[in-house]
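Inspection log for the structure reproduced underneath, given as structure tokens.
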There are 2 protein chains.
Amino acid sequence: MTTSLDTLKEKGRRLRIHSLKATTEAGSGHPSSCLSAADLVSVIFFNEMRFDPKDPHNPSNDRFVLSKGHAAPLLYAAYVEAGIISEKEMMSLRRLDSDLEGHPTPRIPWVDVATGSLGQGLPAGLGAALAAQMDGRPYNTYVLLGDGECAEGSVWEAAALASYYKASNLYAVIDVNGLGQSQHTMDRFDVNRFAEKFRAFGWFAVIIDGHNYVDIVEAFEKCRQFGDSLPRAIVAKTAKGKDVSMLENREGWHGKPLPKADLERALKELSHPFASDGFRPDPRPAGTSRPAEGSIEVTVNRKLGEPVATREAYGDALVQLAEKDSRIVALDGDTKNSTYSEKLLKARPERFLEMFIAEQNMVGVAMGLAARGKIPFVSTFAAFLTRAYDQIRMAGVSRSNVKFCGSHAGVSIGEDGPSQMGLEDLAMFRPVPGSVILYPCDAVSTERLVAEAARWHGIAYIRTTRPKTPVLYSNEVQFPIGGSKVLRRSEKDCATVVAAGITVHEALKAASQLEAEQTPIRVIDAYSVKPIDGTGLWNAAKATSGRIVVVEDHYLEGGLGDAVLNAVGNQAKVVKLAIREIPRSGPPEALLDKYGISSRHIVDAVKKLLL
Amino acid sequence: MTTSLDTLKEKGRRLRIHSLKATTEAGSGHPSSCLSAADLVSVIFFNEMRFDPKDPHNPSNDRFVLSKGHAAPLLYAAYVEAGIISEKEMMSLRRLDSDLEGHPTPRIPWVDVATGSLGQGLPAGLGAALAAQMDGRPYNTYVLLGDGECAEGSVWEAAALASYYKASNLYAVIDVNGLGQSQHTMDRFDVNRFAEKFRAFGWFAVIIDGHNYVDIVEAFEKCRQFGDSLPRAIVAKTAKGKDVSMLENREGWHGKPLPKADLERALKELSHPFASDGFRPDPRPAGTSRPAEGSIEVTVNRKLGEPVATREAYGDALVQLAEKDSRIVALDGDTKNSTYSEKLLKARPERFLEMFIAEQNMVGVAMGLAARGKIPFVSTFAAFLTRAYDQIRMAGVSRSNVKFCGSHAGVSIGEDGPSQMGLEDLAMFRPVPGSVILYPCDAVSTERLVAEAARWHGIAYIRTTRPKTPVLYSNEVQFPIGGSKVLRRSEKDCATVVAAGITVHEALKAASQLEAEQTPIRVIDAYSVKPIDGTGLWNAAKATSGRIVVVEDHYLEGGLGDAVLNAVGNQAKVVKLAIREIPRSGPPEALLDKYGISSRHIVDAVKKLLL
């Protein structure tokens with residue numbers, strides 16, 4: 001489609017006016033960052049993108065990701081000019097009762113992922129682009145980046161992967177205004193440097209004047225002509241605060257609205273219309289809507305006592321679910337032969353994305369896939385998910401439907417040593433709003449919990465273990481989120497041991513030994529770390545005179561022990577067994593014992609409680 | 001210095017033999033990843049680097065960082081060949097009683113930072129290189145990277161910064177063996193692609209055959225001839241498992257030692273010596289050792305009641321400390337005008353490093369600086385420290401002496417919205433072994449706690465707040481790590497409110513209101529979140545009939561509330577007031593109230609406890 005240059009210029013002028021008015025009204029915000037990109041956004045929204053302003057859920061709509069999220073007013077202004085929201089709504093910017101927040105979030109149906117933590121837009125946009133490839137959809141994805149945020153490694157993780165997957169349906173537009181928050185950017189106005197970087201990463205790149213409408217319109221044409229099978233980057237030299245003399249190219253204006261007194265003057269400089277509004281949206285036919293949900297169920301078929309690593313059962317469950325629901329996809333960071341996500345690669349190659357050793361981008365891509373209706377399962381070593389905590393945090397803000405599996409949890413991995421041991425992953429996921437944390441101890445509970453995670457709408461974290469553990473549960477047992485299992489119980493139980501994952505097996509050993517010594521204990525498998533089974537724990541505490549030992553293969557802070565403390569409060573004396581120092585390399589059993597979470601230590605802790 | 005090619009070849013042969021023997025003996029490890037880099041390491045250690053094998057602490061020693069940490073046996077083998085450890089010690093690889101862990105850690109004095117989480121070596125190496133620049137030291141830093149880990153964005157964050165700071169004393173050697181853990185790498189053997197990327201990021205780059213000793217030796221010469229003022233990259237095409245036919249270039253051997261049965265055959269292929277050992281170390285003169293410690297003290301001069309943001313007091317303290325101790329340096333990610341680290345930039349520009357918007361590299365560089373004797377203070381928004389959680393985790397494993405300051409904590413930042421609010425930072429830092437967490441509520445405690453953090457050897461996290469808060473403490477008050485302050489106390493206190501930072505002021509408001517209603521409460525400022533003042537809390541609990549309300553501007557899980565629960569256990573009924581959902585944009589006071597942590601909610605919670 002083609003809109004007249006005058007109409008595009010007029011849109012640009014209005015985008016500037018809306019951005020200035022709304023931020024002055026709000027008394028905060030980043031108008032100068034909006035003005036540098038106003039002309040780029042005008043062309044992207046009103047000449048390039050095809051979408052139905054009346055239907056945010058049209059699966060053929062082109063996608064736009066505002067990676068420089070602090071320019072939110074510019075995005076909202078584009079919504080005004082597209083007829084999506086009213087000028088009046090625009091003026092509610094940053095108010096407690098408004099969905100037009102300081103940085104964009106999916107409270108607005110047009111926003112796929114929350115932005116505002118810089119460098120995360122391109123990975124998310126790549127996710128949307130890859131979803132289009134998977135589903136054979138015609139839409140393009142446009143990502144607007146700031147120049148400053150190109151210092152974030154996540155941008156280059158995405159750049160490399162986009163070229164690897166030939167995402168020619170992905171456009172990155174870089175707003176090079178040369179000014180960061182506190183000073184000039186690293187590369188200032190060196191647009192060649194930006195273009196060289198993208199080319200070195202396998203992109204087609206054009207350099208333009210970001211305020212010249214002919215340049216901007218032609219840039220996209222060039223991309224289509226010459227960018228065959230390559231992702232496309234448009235590097236635009238711009239001026240922060242463009243077209244308002246008191247802001248243009250001035251330092252010290254980042255994140256500052258115009259004072260009411262100056263707004264008038266600024267608007268006067270923008271008072272000459274270029275044209276009447278000649279924009280007409282040109283949506284694509286909606287096409288088929290997202291695939292219907294399948295029945296997300298697994299059939300479990302394990303032998304009691306059979307030794308199976310929970311990480312391997314994870315892979316088996318993934319395959320079963322993918323067969324039943326076409327939305328299920330898996331991503332891994334070159335650990336698929338350890339996490340066993342490779343089982344899905346072998347069974348359904350088209351549902352698996354190798355993301356190589358770049359966890360931030362892997363999570364960002366998963367957010368983009370989820371926004372386009374997929375149910376992505378992201379797996380790597382639990383330790384390496386810490387690499388993407390900011391993305392996980394933003395997935396929380398985005399209410400993304402992303403599932404995480406962290407394998408190789410705890411010291412039980414053995415000789416590889418502390419850098420490979422996930423010992424803070426529970427602490428990391430617990431605060432994420434709306435997240436659930438599932439920690440199976442055997443193959444049966446793993447398969448059930450992977451299905452529960454897939455059914456849960458929102459962030460789910462599954463923690464798996466490296467060594468094989470014997471199957472404890474029969475095949476028909478269910479493991480609802482928020483539940484727990486009592487594995488040992490008698491009338492005479494004198495204490496409760498709460499365990500999860502590998503430590504469940506240590507707890508059972510301890511129980512047998514204590515039973516032989518006429519000291520029966522209750523053993524609880526707290527497979528649902530969040531939400532934790534408060535009632536179950538409460539009842540166990542009451543039945544065992546308020547004596548609880550919690551044992552976990554995780555650092556002392558923020559994990560299962562803290563979850564249990566929160567559940568039982570002052571109704572029980574809780575003793576926590578957990579990792580209290582940086583572990584060494586050694587055999588799994590030796591490490592469990594050296595760091596105080598083996599059956600021997602559980603026995604001692606129970607006896608101490610009874611003194 | 002120049003060692004004969006035959007001697008270098010002989011060293012390479014021995015490095016391979018040690019790596020194979022030790023991993024087979026250990027029964028685990030990554031010999032094939034050692035073999036691809038053995039020739040590179042031979043030239044780096046025995047022809048390039050100048051160091052004193054008898055003195056790991058010689059400040060003029062060249063530095064070596066094994067970024068591909070899984071090749072640890074190769075590093076240990078180099079120590080054997082340098083006469084640093086014995087062949088017998090080498091055979092203790094991965095044993096519980098050995099410091100030769102599966103991945104290198106600073107338990108070995110020659111290891112500056114722990115590696116094993118990929119992509120972290122170049123940032124740390126850059127830190128060491130920048131320390132050399134700051135101190136005018138002659139040493140070079142050599143970083144050996146795997147090709148697979150170059151997918152990590154942190155590598156490119158460091159690459160960009162290294163060129164920005166003209167770190168020509170930094171050498172990156174990339175071992176391009178084309179094979180990752182689970183399959184071929186993203187760029188396979190496309191060495192040109194690697195070189196183009198480094199050149200686009202401002203490096204001098206050479207491409208070589210990583211098994212041709214003439215090539216390798218000349219590559220470093222070329223770097224010196226043509227790499228003027230640029231960081232230098234040597235891109236080496238290699239073969240995984242080189243020189244052992246059953247391993248060479250074979251998939252499926254990553255992370256697998258040779259079975260005992262095959263070791264013999266492999267060693268036979270390596271049985272022909274090239275020369276007798278002609279290596280003689282050539283250390284540089286030690287030069288002056290690290291600067292003596294200054295008295296890390298602050299003089300506090302504030303007016304009671306004066307409104308000062310703790311983030312601003314942080315900047316003031318930083319300047320005072322830097323004046324007194326030359327080891328103090330500050331790093332910031334283009335937020336220095338918000339965190340107020342810019343105060344140090346203004347006072348002592350040579351002690352400040354602008355790291356731009358690249359938090360992972362910022363933390364990695366800080367680790368490198370700390371390893372070279374600096375006391376680095378890393379600051380950005382608390383929310384954005386989540387971007388570097390993997391690096392923070394590895395700083396813990398490295399026992400790094402790095403200080404972190406996270407500003408803009410919690411909903412009290414106001415209109416910028418959830419993406420900018422640090423709400424999981426306490427949960428993130430609490431599990432890090434050896435870390436302390438300090439959370440001041442006014443300017444006096446901030447200045448004292450910044451000094452405490454600087455004196456603490458290890459990781460310290462300081463949490464600051466955006467809005468101004470009144471000075472509560474007089475200038476002479478001390479704030480020891482592990483302590484707390486009782487701000488309101490009476491004989492009749494019927495409950496204890498534990499607060500920190502912004503919520504201390506809400507708690508005081510609540511106390512005044514409750515006092516007016518004849519319901520006096522005890523108010524505790526828990527400025528030391530880790531370690532928490534167990535005794536102080538315990539006494540308060542006893543004095544107030546076991547009634548405690550904890551109020552924090554942090555998500556419900558993993559923060560101050562959990563720390564208090566752990567301290568008082570079943571001795572008190574603890575009610576937690578914290579953020580329970582994803583916050584919106586709005587005015588600070590409105591957000592504190594909407595999300596349940598304002599004085600009104602504290603009053604209600606206390607009254608409910610009294611029912």
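Reckoned from all heavy atoms, side chains included, excluding hydrogens, waters and symmetry mates. Just so we're on the same page: letters track the sequence lines, and every chain starts at 1.
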Quick one: which of A563(A), P433(A), P431(A), G546(A) has the most heavy-atom pairs under 4.5 Å with chain B, could you say?
P431(A)
Measuring heavy-atom distances to chain B, does M186(A) have an atom under 4.5 Å in its side chain, in its backbone, in both, or in neither?
both
Does any heavy atom of chain B fall under 4.5 Å from the side chain of M362(A), the backbone, both, or neither of them?
neither
Highest number of heavy-atom pairs under 4.5 Å with chain A: which of A114(B), G558(B), P418(B)?
P418(B)
Kindly write out the residues that satisfy ring-ring contact (aromatic ring centres under 6.0 Å, His included) with H254(B), not counting sequence neighbours, or none if the list is empty.
H30(B), H70(B)
For E359(B) and E152(A): C-alpha separation, side-chain torsions, deciding distance, then whether side-chain contact (heavy atoms from CB on, under 4.5 Å) applies.
CA-CA 8 Å; E359(B) 296 76 13; E152(A) 289 284 8; 2.5 Å; yes
Tell me which of these, Q360(B), E342(B), E149(B), Q120(B), has more heavy-atom pairs under 4.5 Å with chain A than the rest.
Q360(B)
Centroid separation F201(A) to F198(A) less than 6.0 Å
no
Interchain contact, D99(A) with chain B, by part (heavy-atom threshold 4.5 Å):
both
D187(B) and K197(B): CA distance, side-chain angles, deciding distance, side-chain contact (heavy atoms from CB on, under 4.5 Å) verdict:
CA-CA 11 Å; D187(B) 291 331; K197(B) 287 180 182 178; 3.0 Å; yes
So which of K573(A), M394(A), E196(A) has the largest heavy-atom pair count under 4.5 angstrom toward chain B?
K573(A)
Residue selection (most heavy-atom pairs with chain B, distance under 4.5 Å) from S182(A), G153(A), G102(A):
S182(A)
If you tally heavy-atom pairs under 4.5 Å against chain A, which of G434(B), S338(B), G69(B), A388(B) wins?
S338(B)
Does the side chain of S117(B) come under 3.5 Å of the side chain of R387(A) through a donor N or O and an acceptor N or O?
yes
Please classify the contact between L161(A) and chain B as side chain, backbone, both or neither, with a heavy-atom cut-off of under 4.5 Å.
both
Tell me, side chain or backbone of L556(A) under 4.5 Å from chain B's heavy atoms, or both, or neither?
neither
Using non-hydrogen atoms only, which part of V397(A) is less than 4.5 Å away from chain B: side chain, backbone, both, or neither?
both
Distance only, no hydrogens: is a donor on one side chain within 3.5 Å (strictly under) of an acceptor on the other, for N337(B) and Q181(A)?
yes
Toward chain A, the part of R107(B) with a non-hydrogen atom under 4.5 Å
side chain
Side-chain donor or acceptor of D593(B) paired with backbone N/O of E589(B) under 3.5 Å:
no
Top contributor to chain A interface from R199(B), K336(B), M355(B) [non-hydrogen pairs under 4.5 Å]:
K336(B)
Between V574(A), T335(A), I392(A), which shows the greatest number of heavy-atom pairs under 4.5 Å with chain B?
T335(A)
Less than 3.5 Å apart, any donor N or O on the side chain of D332(A) or S341(A) sitting next to an acceptor on the other?
yes
Chain B contacts, top residue of S398(A), G202(A), P587(A) (heavy-atom pairs, under 4.5 Å)
G202(A)
Region of A383(B) in contact with chain A, defined by heavy-atom distances below 4.5 Å
both
Residues D147(A) and R188(A) bridged, charged N to O under 4.0 Å:
no
Could you list the residues that satisfy ring-ring contact (aromatic ring centres under 6.0 Å, His included) with Y165(B), not counting sequence neighbours?
none
Reported CE-to-CZ distance for the pair M421(B) and R393(A), which is rounded to 0.5 angstrom
10.5 Å
Quick one: do K594(A) and D97(B) make a salt bridge, cutoff under 4.0 Å?
no
Look at G586(B), A195(B), G417(B) and state which one has the largest set of heavy-atom pairs under 4.5 Å with chain A.
G586(B)
Please state whether the side chain, the backbone, both or neither of T339(B) comes within less than 4.5 Å of a heavy atom of chain A.
neither
Greatest number of heavy atom pairs closer than 4.5 Å to chain A - which of R95(B), K530(B), E157(B)
E157(B)
Among I579(A), L565(A), T105(A), which has the most heavy-atom pairs under 4.5 Å with chain B?
L565(A)
Applying a strict 4.5 Å limit to non-hydrogen atoms, the region of Y555(B) in contact with chain A is side chain
Answer yes if the side chains of S98(A) and R584(B) hold a donor-acceptor pair under 3.5 Å, and no otherwise.
no
